[in-house]
Trainee: 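Below you'll find the structure I mean.
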Amino acid sequence: MNLSVKILISLILAIIAGLIAGAENLPWIKLWIAPIGTMFINLIKMMIVPVVMASIIVGAASLGDTKKLGRIGVKVMAFYLITTAIAMIIGLGVAGVVHPGDGITIAAEAAKTDVKAAPTIMEVIVNMVPANPLKAMTNVDMLPIIVFSLIIGIGITHVGQKALPLQNFFEALAEVSYKIITLIMELAPYGVFALLLPVVAANGPKVLLPLLSVIIAAFAASILHAVITYASVIQAVGKMSPIKFFKGMAEAMMIAFTTCSSAGTLPVNMKNCQEKLGVSKEVSSFVLPLGATINMDGTAIYMSVCTLFIANVYGVDLTAAQMLIVVLTGTLASIGTAGVPGAGMIMLAMVLQAVNLPLEGIALVAGIDRVLDMCRTTLNITGDAAAAVVINKTEENK
């Protein structure tokens with residue numbers, strides 16, 4: 001049986017079992033089932049640093065010259081920023097139609113949550129250059145790891161023949177990492193079931209129904225963005241059938257849906273892009289790790305929908321100028337957003353501040369953040385792969 005089918009079956013079984021079990025059985029589920037999901041996530045996380053570092057170094061070294069690296073870098077940044085802005089607009093449009101939050105009243109005094117301060121753009125840029133690369137690897141700080149790996153790859157290119165042993169070492173490390181990821185993926189159905197079961201049991205239909213309009217808006221906007229934006233650019237520029245693309249991405253999308261981690265899904269995404277979508281290693285090794293860190297189309301839609309939801313709940317009518325601020329702030333805020341569960345809340349706080357909405361409103365969506373995170377992470381990694389396919393096509397004849 002196909003691995004994607006096995007994962008899909010485990011998703012369905014987890015939903016059914018979670019609804020049957022309910023919140024009363026949550027302690028037992030968290031004690032005996034959830035740890036299995038945690039171990040599966042840990043196995044994937046274990047491979048993030050070696051696969052990202054090795055593949056980027058090999059990718060940068062195999063590009064042959066820094067001009068090509070710079071050209072691909074400009075393309076990928078343009079792709080990510082443009083699609084993120086489109087995602088923000090689609091999110092606002094769908095939320096404007098669905099009107100999430102209309103008729104829902106939640107006591108303002110109960111809406112309190114702790115949110116870390118969002119980093120400034122300059123802080124993000126400074127932190128990209130690691131003072132201690134080993135510390136960045138220990139903390140799995142993606143941007144510093146990417147920058148350090150790029151520098152090593154460029155160094156190998158400039159040294160030439162004498163650096164071949166080092167390049168061969170990282171090529172071997174990359175291949176070993178890919179093989180380990182393949183073995184880990186055989187456990188995916190069990191990991192997915194163990195991850196999703198406690199989420200469904202904890203939230204259930206009673207908790208989700210009052211905020212169903214937010215979930216519907218976020219999921220609808222994400223599907224529209226994938227079908228309209230990604231499918232169009234993949235077919236027009238990438239010269240690939242959208243059906244082939246989404247079929248090839250099935251495994252990675254399901255892993256992203258259950259793990260809620262762009263960084264955690266990265267090894268699977270790289271494997272799928274290279275083996276099923278025909279993206280070269282040099283392009284995928286550069287585009288996908290970068291995308292896992294800065295490409296946040298799903299988070300952009302989340303911010304749009306949640307901002308309008310919070311505005312509706314507090315009875316605030318956003319002007320056209322404020323909506324433009326939401327788009328611009330959300331697009332820029334996506335740079336530096338960590339590809340880990342829950343990071344979207346930091347960016348949502350930044351957007352709410354930009355349009356003078358109460359930060360306490362974040363607590364209104366905190367209860368369903370995990371459900372929304374499933375949606376936005378899936379779209380994030382799909383956008384990464386779309387960029388890889390498109391850029392790979394534009395580089396074929398260069």
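Only a predicted model underlies this, so the values are computations on that prediction, with no experimental measurement involved.
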Trainee: Between Leu277 and Met240, is there a side-chain heavy-atom distance shorter than 4.5 Å?
Mentor: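 A side-chain contact exists here, since the closest heavy-atom pair is under 4.5 Å.
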Trainee: Tell me whether Leu150 shares a hydrophobic cluster with Leu266, the cluster being built from Ile, Leu, Val, Met, Phe, Trp, Tyr side chains joined at under 4.5 Å.
Mentor: yes
Trainee: Would you say Phe246 has more than 12 foreign heavy atoms packed within less than 6.0 Å of its CZ?
Mentor: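 Counting neighbours around CZ of Phe246, more than 12 heavy atoms of other residues, nucleotides or ligands fall under 6.0 Å, so yes.
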Trainee: Show your reasoning for whether side-chain contact (heavy atoms from CB on, under 4.5 Å) applies to Met296 and Arg376.
Mentor: CA-CA 8 Å; Met296 297 289 157; Arg376 63 180 181 249; over 6 Å; no
Trainee: So, do Asn269 and Met249 sit near enough that their side-chain heavy atoms are less than 4.5 Å apart?
Mentor: yes
Trainee: Would you please test Phe245 and Thr382 for side-chain contact (heavy atoms from CB on, under 4.5 Å) and show each step?
Mentor: CA-CA 9 Å; Phe245 172 78; Thr382 306; 3.7 Å; yes
Trainee: Nearest 0.5 Å please: distance from the CE atom of Met46 over to the CD1 atom of Ile181.
Mentor: 9.5 Å
Trainee: Determine, using the 4.5 Å side-chain heavy-atom cutoff (strictly less than), whether Ile325 and Leu348 are members of one ILVMFWY cluster.
Mentor: yes
Trainee: Return the minimal non-hydrogen interatomic distance between Ala87 and Ile301, and the atom names on each side.
Mentor: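 For Ala87 and Ile301, the tightest heavy-atom pair comes out as O-CG1, 3.3 Å.
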Trainee: Give, for atom CD of Gln322 and atom CG of Asp317, the distance between the pair rounded to the nearest 0.5 Å.
Mentor: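 These two atoms lie 9.5 Å from each other.
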Trainee: Drop me the distance from Leu379's CG to Thr299's OG1, to the nearest 0.5 angstrom.
Mentor: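 Between Leu379 CG and Thr299 OG1, I get 9.0 Å after rounding to 0.5 Å.
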Trainee: Please find the pair of heavy atoms, one from Ser285 and one from Met270, that lie closest to each other, and give the distance.
Mentor: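 Taking every non-hydrogen atom into account, CA-CE, 3.9 Å.
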Trainee: Is there side-chain contact between Ile151 and Val147, with heavy atoms separated by less than 4.5 Å?
Mentor: yes
Trainee: Please report the C-alpha distance between Leu372 and Cys306 in whole Å, then the side-chain angles of each, then the deciding distance to 0.1 Å, and finally whether the side-chain contact (heavy atoms from CB on, under 4.5 Å) criterion is met.
Mentor: CA-CA 10 Å; Leu372 296 174; Cys306 289; 4.0 Å; yes
Trainee: Less than 3.5 Å apart, which donor and acceptor atoms pair up between the side chains of residues 165-175 and the rest of the protein, not counting sequence neighbours?
Mentor:
{"from": "Gln167", "atom 1": "NE2", "to": "Glu171", "atom 2": "OE2", "distance (Å)": "3.4"}
{"from": "Asn168", "atom 1": "ND2", "to": "Leu164", "atom 2": "O", "distance (Å)": "3.3"}
{"from": "Glu175", "atom 1": "OE2", "to": "Lys281", "atom 2": "NZ", "distance (Å)": "2.1"}

Trainee: Step through the shown structure and confirm whether more than 12 heavy atoms of other residues, nucleotides or ligands are within 6.0 Å of CD1 on Ile243.
Mentor: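 Result for CD1/Ile243: open.
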Trainee: List the atom of Val51, the atom of Pro267, and the distance in Å for their closest heavy-atom pair.
Mentor: CG1-CG, 3.9 Å
Trainee: When clusters are formed by joining ILVMFWY residues with side-chain heavy atoms under 4.5 Å apart, either directly or through shared neighbours, do Val287 and Met53 land in the same one?
Mentor: yes
Trainee: If Ile, Leu, Val, Met, Phe, Trp and Tyr residues are connected whenever their side-chain heavy atoms lie under 4.5 Å apart, and connections chain through other members, are Ile228 and Val305 in the same group?
Mentor: no
Trainee: Nearest 0.5 Å, what's the CD1-CG distance between Ile184 and Leu43?
Mentor: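 If I round to the nearest 0.5 Å, the distance is 5.0 Å.
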Trainee: Can you tell if the side chain of Leu290 reaches within under 4.5 Å of the side chain of Asp384, non-hydrogen atoms only?
Mentor: no
Trainee: Can you list, pair by pair, the side-chain donor-acceptor contacts under 3.5 Å of residues 11-34, counting residues two or more places apart and other chains?
Mentor:
{"from": "Asn25", "atom 1": "ND2", "to": "Ala21", "atom 2": "O", "distance (Å)": "2.7"}

Trainee: Could you tell me if the side chain of Pro100 sits less than 4.5 Å from the side chain of Asn312, heavy atoms only?
Mentor: yes
Trainee: Evaluate the side-chain contact (heavy atoms from CB on, under 4.5 Å) criterion for residues Phe79 and Val233: first the C-alpha distance (whole Å), next the side-chain angles of each, then the deciding distance (0.1 Å), finally the verdict.
Mentor: CA-CA 10 Å; Phe79 183 95; Val233 75; 4.0 Å; yes
Trainee: Verify the cluster assignment for Val327 and Met323: are they in a single hydrophobic cluster under the rule of side-chain heavy atoms below 4.5 Å apart?
Mentor: yes
Trainee: Using atom types as modelled and distance alone, determine if a side-chain donor or acceptor of Ser55 lies under 3.5 Å from a backbone N or O of Val52.
Mentor: yes
Trainee: Roughly how far, to the nearest 0.5 Å, is the OG atom of Ser262 from the CG atom of Asn380?
Mentor: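 So the gap between those two atoms works out to 4.5 Å.
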Trainee: With rounding to the nearest 0.5 angstrom, report the CD1 to CD1 distance, Ile180 to Ile44.
Mentor: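 So the CD1 of Ile180 and the CD1 of Ile44 are separated by 13.0 Å.
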Trainee: Decide yes or no for Lys75 and Thr394: does some side-chain heavy atom of the first lie under 4.5 Å from some side-chain heavy atom of the second?
Mentor: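 Side chain of Lys75 against side chain of Thr394, heavy atoms only: contact under 4.5 Å found.
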Trainee: Any heavy-atom pair between the side chains of Ile36 and Phe40 that's under 4.5 Å?
Mentor: no
Trainee: Evaluate the side-chain proximity of Met374 to Leu196: yes if any heavy-atom separation is below 4.5 Å, no if none is.
Mentor: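 Of all side-chain heavy-atom pairs linking Met374 with Leu196, at least one is under 4.5 Å.
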Trainee: Does anything in residues 215-236 form a ring pair (Phe, Tyr, Trp, His ring centres under 6.0 Å)? List the pairs, not counting sequence neighbours.
Mentor: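 Residue pairs with at least one partner in residues 215-236: His225-Tyr230.
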